[in-house]
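The next block holds one structure in the form of structure tokens; read it before the comments.
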Amino acid sequence: MANLEIDKREFDQLVGESIDNQKMIEEGSMLGAHWHRIEGNVCEVETYPNRPDLLSVEGLARAYRGFFDIDTGREKYDIQKGDLKVEVDESVEDVRPHIGGAVVRGLELSKKKINGLIQLQEKMHETMGRRRDKLAIGLHDLSTVEAPFTYKAVEPEKVSFKPLEYDKHMQLGEILDEHEKGQKYAWILEDEDRYPIIEDSEGKVLSFPPIINNQLTEVDSETTDIFIDVTGKHRETVMKALNILTTALSERGGQIESVTVDGEKMPDLTPEEMELDIEYFRDISGLDLEPEEIVKRLEMMKHEAKKKGDKIKVKIPAYRNDIIHQYDLIEEVVIAHRYDNIEPEVPEVDQMASVKPIQDFADRIRDVMTGAGALEANTFYLSSKEKIFEMMEIEENEVAEVANASGEEQEVVRNWLLPSLFQTLHDNRHHSYPQTFFEVSDVVELDNSRVGASNKKKMAYIVTGNEKDYTDARAILQVLERDLGLEFDVQEKYRSCFKESRSAAVYFKDKRVGIIGEFSEEVIENWELSYPAAGLELDVEKILELKE
Amino acid sequence: MKLSSQAIDILEQLKKHGRRTVEELENEGFDQSMVNRAAIELQDKGLAEVEEEETVTRYLTETGKKVAAEGSPEHKLIERVEEGDKSLSKLQDLNLDVALGKARQKNWIEIQGGSVALTDKGKNALEEDDLKKRLNEEDFMQVHEDRGLVEAEIEVTRILVLTEKGEDLELEKVEEDFNVEAQVQTPRIGKKHFYKEILDFAQEKFVEMGFQEMTGDFIVPSFLNFDALYTAQDHPARDLHDTFFMKTPEKSDLSEYGDKVQHVKETHEDGWTTGSKGWGYDWSEQEASRNVLRTHTTAVSARRLHEIDINEEELPKKLFCIGRNFRNETVDRTHLPGFIQLDGIVVGKNLNYRNLKGYLSEFFEKMGYEEFRLIPSYYPYTEMSTEVQVYDEEEDEWLGMGGAGLFRPEVVKPMLGFEATVLAWGLGLGRVAMKAAEIEDIRELYRNDIEILEETPKWRPHNGGEQ
């Protein structure tokens, strides 16, 4: 998502009429760009990554012209034949293979408009361009260089120029090391030994994509003619970006002129054609619109649309890169129709509701436990090895580990619940005693499934306070036995988190299903508690399985 | 004057000592709840007053101790950058998320792509690790608490103080009485967690609407979490900074999905037979097999589509899932590495967008929200992608409750094996829970503070969910 700042006066001017601020805030978001705030002339607008064509005031104005029914239908941009050529040297093949170029002439640029262009360029770099890796854009004052241009890859020390923002000649390698933009984007060229440049017929560098342009070609308020270059790793993305930029500049009153890149004429603003099946539209949207109404709504979204038999032929503007299926056209119609105007309808679907038996069992345990006077805890699933092993005084065992945890507390997915309940007691030390907590929840255990791990439902109980001991945990186990209709067998078995003689394993139908005990002084101390504690943990899933 | 026997006993103590803390009285053998009751009674009669003294002790948490000893992650970062490790790949040994986040917040660095550069502010900060210094000098600030470096413990001492009227009252003239009007101590009882109760209620509503529960594991292959949901492999959501990838178990065997792996591949590359153009890139099975902690319960919905197909279940089907999800976030007042999502899908041949709006409006009506609306939004796996908002009357604002849409054909056909309409939504009720418990720090949803658990009333929609 991208946050834009645009000027309301410019927006109104481009739309062709002044739109009430209140209306923009209330209805503007219904197009799919959120209008958060308008203060004075500054509008804060948030757009989604599927619509890079909305990243400029020009693009937004174009879209709302249609959406508010001011000027609908597809914009036709006139391209004049130009003679500028860009040769593509095969040396770029492995570095950054694709380049698009176009010229826009006759612009009148102010500082504000240039800032808008920079914003568009930067937002496109960040979103569609995946931080300049997938695509990078250069805008150049055409009067400073001589065609034809060459796009090629060169050795870093062979070429130097004066980059933007720096007042000295630098070699490409130096730019990566020293220039702020070089440092920021050097990672894109990390594995390359040759770097891409665009140079003119006299060997003057226009640009070192995706890093920085030459100061020489910097666009300022005197500039009238611009050469646009877009380079990148994905041809279609590069071409779409070129279309977005040239049409935005054309919205500004510029005249687009074609450029021949490696023998191919650009930009190609031929609309893509797609057919929308009227019945399919009605089935999916649930809206019983007449063909003319569908056409009208597509035009409000700035498409060209015409009914042809039981289909609508749609010509999609060349700056849109998000219409890849008929479904997307359906969305276009529904957006123009407005979600608010859709009557909700619940269909007749006969189906018996159900919850999983394990959830139902878990809920019964929760009822029993609250009846027994315990508070239910809701704890974090991620934890640290320190908390689930060391502080519990048990040996490290198999546990699901996160590869890129941002902190120690997110290092592992817990494989038992009692440490989480100790955390809860630790966090409640300032409250009065006794305290009892339980949780019925999932842990993750490694196994030999295809994923290598699965969730397991467990329940745990803990009690702490003056004179609390093993018998308090045992009492709860007996409550569970009685109220759930189970019969447990408790056998003394030492587990190192418990006191030696107050530690047992819980069996159900001869299978081990849990542990119960009074915690050792070390564990109590590790969690900085001041009273003894006892608890139990049961494998709820296994118990339910055996029970049935 | 009439007083209960307990109040007479405590009054006697106070007349002897003038003032007594609750703890002192307990040590003298009086039961805590009895002392509290007596205190209320004496206060009502104007014979004693209860004073509260708060002592706040602040101490370093485990993370805090580490920072105090070794220095703050952000300072370590700028030191390393100053030493020449500018590339993120060289800084991986640091606690990078926290370090970058905080250094950025303090305007110490500028970073984009793989390289970090110090700002002037950052250069100035090099000289001394201010945070480390403050922690060592115990000069604690609120920001330290917010970052979880420092924890505050508040201890309240309650003291009963005799009033003048109490002093003047002659004990011999007091009649013993049973006071039915006096408040007593509220007992600590068993209680469900407020957040889980809200989720229980929501579950009940889905059940009322005839939905069947689906469940799934936290650890899933990227295939289920992303690829099956038509999320391109270079989509920013698949970044290390957003998603937890697993070290153990690192990879999944995708063979259980059979041909579907190939179909998903082709769908991404050129649309396969879904009628789509696809994303146009070379899809990697290797990447799809990497395990992640699911970032949304939509991964469960994706798997369920596959199960419907292999079990030849009949359509239509209405399914829901309430479960935990994970995002690689640094924990603070407004961010958690996990959240709970309510997913729903309705799979059928004759379903449409109006039906999606129908189910959602029915659900939110049951949850007590009379007005709800859909705003265009974007998710790679839905079309008619919308944000779901409800109108909160008390706050007079629209609240975002999650996202919804129809699963794209690029999701449905490869995973379900045939074409159908799938209505889908993923909702969050965390804000409802925070409002119910009157908390502003999102961490409190998982901290289980006894007072918050006890004081939060059992949740029901403000209008009782009546329709």
Side-chain angles (χ1 to χ4, degrees), chain A residues 29 32 48 50 130-131 180 183-187 236 284-286 324-328 331 334-335 339 342-347 349 351 353-356 359 370-382 400-404 406 410 424 427-428 430-431 444 450-455, chain B residues 86 97 112-115 117 153-155 189-193 195-196 207 210-213 215 217-219 234 240 244-249 252-253 256 275-277 280 316 318 324 328 330 337-338 352-355 357-359 361-362 374-376 378 383-384 408-409 446-448 450 453:
Chain A
S29 299
Y48 291 102
N50 59 329
R130 303 283 191 264
R131 303 192 312 251
E180 188 214 340
Q183 292 169 349
K184 206 162 161 182
Y185 298 108
W187 61 276
E236 225 173 288
I284 300 298
S285 67
I324 54 179
H325 192 283
Q326 264 197 81
Y327 246 61
D328 297 302
E331 180 182 67
V334 178
I335 285 177
Y339 292 123
I342 295 170
E343 278 302 309
E345 180 190 56
V346 178
V349 175
Q351 180 180 277
S354 64
V355 291
K356 296 260 167 158
Q359 295 297 356
T370 47
L375 284 171
E376 183 176 31
N378 180 43
T379 60
F380 287 118
Y381 286 51
L382 299 180
E401 270 185 75
V402 173
N404 57 325
S406 45
Q410 288 104 46
T424 302
D427 292 340
N428 276 294
H430 56 292
H431 288 302
V444 168
R450 288 190 174 90
V451 174
S454 313
N455 282 29
Chain B
K86 295 186 193 317
D97 261 35
Q112 250 173 36
S115 191
E153 204 172 287
I154 303 168
E155 222 172 314
I189 58 162
K191 195 169 178 182
K192 287 183 183 167
H193 193 281
Y195 195 3
K196 294 202 174 185
V207 169
F211 280 65
Q212 294 179 348
E213 191 187 27
T215 51
D217 292 326
F218 295 155
I219 301 177
D234 74 340
L240 285 175
F244 285 118
F245 287 85
M246 299 307 297
K247 183 155 89 187
T248 338
S252 278
D253 170 1
E256 64 177 306
S276 171
K277 284 160 56 188
K318 300 188 279 190
R324 274 291 176 124
N328 198 351
T330 307
N352 59 48
Y353 191 73
R354 283 180 62 196
N355 302 148
K357 200 170 175 184
Y359 283 118
S361 68
E362 190 174 348
L374 298 170
I375 305 278
Y378 173 71
E383 201 42 296
M384 266 68 75
R408 298 184 65 100
Y446 298 87
R447 207 180 256 162
N448 306 298
I450 290 183
L453 294 183

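The chains referred to below are lettered A, B, ... by the order of the sequence lines, with proteins before strands, and numbering in each begins at 1. Side-chain atoms are counted along with the backbone in the values below, which use heavy atoms only and exclude waters and symmetry mates.
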Does some side-chain heavy atom of A/V346 sit less than 4.5 Å from a side-chain heavy atom of B/Y359?
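In short, these two side chains touch, coming nearer than 4.5 Å.
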Is the shortest side-chain heavy-atom distance between B/Y446 and A/T379 below 4.5 Å?
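With C-beta onward as the side chain, the pair stays apart.
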Engaged part of [X] at the chain B interface, taking heavy atoms whose separation is under 4.5 Å:
| X | answer |
| --- | --- |
| A/A372 | neither |
| A/A186 | neither |
| A/I342 | both |
| A/V402 | both |

Quick check on the interface: out of [options], who has the most heavy-atom pairs with chain B under 4.5 Å?
| options | result |
| --- | --- |
| A/G371, A/G32, A/A353 | A/A353 |
| A/D427, A/L382, A/V444 | A/L382 |
| A/E343, A/E180, A/K356, A/H430 | A/K356 |
| A/I284, A/V334, A/N455 | A/N455 |
| A/E331, A/Q410, A/Q359 | A/E331 |

Given a strict heavy-atom distance threshold of 4.5 Å, which part of [X] is in contact with chain A: side chain, backbone, both, or neither?
| X | result |
| --- | --- |
| B/K86 | side chain |
| B/T215 | both |
| B/Y195 | side chain |
| B/R324 | side chain |
| B/I189 | backbone |
| B/L453 | side chain |

Mind checking whether B/F218 and A/Y381 have parallel, tilted or perpendicular rings, split at 30° and 60°?
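Perpendicular, since the angle between the ring planes exceeds 60°.
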Of all residues at least two apart in sequence or in a different chain, which pass the side chain to side chain donor-acceptor pair (under 3.5 Å) check with B/E256?
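So B/E256 forms a side chain to side chain donor-acceptor pair (under 3.5 Å) with B/R303.
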Please identify, among [options], the residue contributing the most non-hydrogen atom pairs under 4.5 Å to chain A.
| options | answer |
| --- | --- |
| B/E383, B/K357, B/R447 | B/E383 |
| B/A117, B/S361, B/G358, B/P337 | B/G358 |
| B/N355, B/V207, B/I154 | B/N355 |

Where do [X] and [Y] come nearest, in terms of heavy atoms and distance?
| X | Y | result |
| --- | --- | --- |
| B/I375 | A/S29 | CG2-O, 3.7 Å |
| A/G286 | B/R354 | O-CD, 3.0 Å |
| A/Y48 | B/P376 | CE1-O, 3.7 Å |
| B/S276 | A/H325 | N-CD2, 3.4 Å |

Do other residues, nucleotides or ligands put more than 12 heavy atoms under 6.0 Å from B/E153 CD?
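Yes, CD of B/E153 has more than 12 neighbouring heavy atoms, counting only those of other groups under 6.0 Å.
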Does any N or O in the side chain of [X] come within less than 3.5 Å of the main-chain N or O of [Y], such that one atom is a donor and the other an acceptor?
| X | Y | answer |
| --- | --- | --- |
| B/K318 | A/Q351 | no |
| B/E213 | A/V355 | no |
| A/N404 | B/L240 | yes |
| B/D234 | A/R130 | no |
| A/N428 | B/N448 | yes |
| A/E401 | B/K247 | no |

Evaluation steps, side-chain contact (heavy atoms from CB on, under 4.5 Å), between B/D217 and A/V451
CA-CA 10 Å; B/D217 292 326; A/V451 174; 5.9 Å; no
Could you go through the side-chain contact (heavy atoms from CB on, under 4.5 Å) check for B/R408 and A/I324 one step at a time?
CA-CA 11 Å; B/R408 298 184 65 100; A/I324 54 179; 3.4 Å; yes
Quick one: pull up OG1 in A/T370 and NZ in B/K191 and give me the separation to the nearest 0.5 Å.
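Result: 11.5 Å between the selected atoms.
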Nearest 0.5 Å, please: how far is OG1 in A/T424 from CD1 in B/I450?
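Spacing of CD1 (B/I450) from OG1 (A/T424) equals 9.5 Å.
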Test A/S285 against B/N352 for side-chain contact (heavy atoms from CB on, under 4.5 Å), laying out the working first.
CA-CA 5 Å; A/S285 67; B/N352 59 48; 6.0 Å; no
With sequence neighbours excluded, what pairs up with B/F245 under the ring pair (Phe, Tyr, Trp, His ring centres under 6.0 Å) test?
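Partners of B/F245 by the ring pair (Phe, Tyr, Trp, His ring centres under 6.0 Å) criterion come out as none, since no residue qualifies.
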